[in-house]
Each structure stands twice: as C-alpha cells, then as structure tokens.
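Keep in mind it's a predicted model, so treat the numbers as computed, not measured. Values reported hereafter were calculated over all heavy atoms of this structure, with side chains retained and with hydrogens, waters and symmetry mates removed.
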Amino acid sequence: MDRYEGTAHLEWWANRSTCLARLPVRIAPAAGNGARNATDAPPLGRDAGEDLQLLIDAGPHFTLRFHADAATEVEAAHSADVSQLRLRTGAAPDTDA
C-alpha cells in the first residue's frame, strides 16, 4: 500500500465469514509514515456516511482489498472532510471472538 494510488475496496468484517460493509474507495498518498487518504468513490449519501461512522466507532480496523485480491489491514479514521478517510497500515485485532 505504501506507493499504491488508485481504486480499492474498504471492507469491515464482523468475523472471518461475515463482511458487513464493502466500499469502493480511491487511494492517494498522504503525509505520514504508512498513511493514505481514501475518498469514497462514488461519494456516500448521508445515511451511508453515518453507517460508516458507526462501523469506525465500533472498530476502526478494516481490510483494504486491491485488484487481484491482494489485501492489507488498515486503521481508518475520518478526516476533516466527511467523504475522506485517513488510512494507516496496522494489524487488525483477532476477530474470532
């Protein structure tokens, strides 16, 4: 993910078999070690944006899935713009509970 710029999907998994959200995003480099900006593509409506915020509040760890099924774990946070997320690479907690 360090140098990738393009489209991907941001996924929020409740456990290993249940994906609760899959959002198309556009990834761009950001200042900071391992940080990227993700823009909703297409932009989310108000209700979907609120749902995404609830998921982030419940657990900010997402899977960022690229083409050819390559994936990495990221921590997501909203930036000042509601249609933008700040992504930072990092391991997700165990979701087997």
S.K.: Give the C-alpha distance, both sets of side-chain angles, the deciding distance and a yes or no for side chain to side chain donor-acceptor pair (under 3.5 Å) between T7 and H67.
M.R.: CA-CA 8 Å; T7 58; H67 297 289; 3.1 Å; yes

S.K.: Tell me every residue that passes side-chain contact (heavy atoms from CB on, under 4.5 Å) with L44, counting only those two or more places apart in sequence or in another chain.
M.R.: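 Listed in chain order: L23, D40, A48, L52.
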
S.K.: Looking only at heavy atoms, what is the nearest atom pair of E5 and P29, with distance?
M.R.: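 It is OE1-CD, 3.6 Å.
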
S.K.: So, T89 and E73: side-chain donor and acceptor under 3.5 Å apart, yes or no?
M.R.: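 On atom types as modelled, these side chains do not qualify, holding no pair under 3.5 Å.
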
S.K.: What residues, two or more places apart in sequence or in another chain, satisfy side-chain contact (heavy atoms from CB on, under 4.5 Å) together with A21?
M.R.: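 Scan of A21 (side-chain contact (heavy atoms from CB on, under 4.5 Å), adjacent residues dropped) gives W12, L55.
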
S.K.: Could you walk me through whether D57 and Q53 pass the side chain to side chain contact (heavy atoms under 4.5 Å, CB included) check?
M.R.: CA-CA 6 Å; D57 291 345; Q53 185 59 53; 2.7 Å; yes

S.K.: Holding to salt bridge (charged side-chain N to carboxylate O under 4.0 Å, His left out), I want the full list of residues that pass it with D69, two or more places apart in sequence or in another chain.
M.R.: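 D69 satisfies salt bridge (charged side-chain N to carboxylate O under 4.0 Å, His left out) with R65 only.
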
S.K.: Which heavy atom in A8 sits nearest to a heavy atom in F66, and how many Å separate them?
M.R.: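 That would be CB-CD2, 3.9 Å.
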
S.K.: Walk me through it: do H78 and Q84 pass the test side chain to side chain donor-acceptor pair (under 3.5 Å)?
M.R.: CA-CA 6 Å; H78 273 289; Q84 288 229 346; over 6 Å; no

S.K.: Given V74, which partner from the list T63, L87, L85, I27 fulfils the side-chain contact (heavy atoms from CB on, under 4.5 Å) test?
M.R.: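 With V74 as partner, side-chain contact (heavy atoms from CB on, under 4.5 Å) holds for just one option, L87.
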
S.K.: Rounded to the nearest 0.5 Å, what separates atom CG in N37 from atom CZ in R26?
M.R.: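 Going from the CG atom of N37 to the CZ atom of R26 covers 12.0 Å.
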
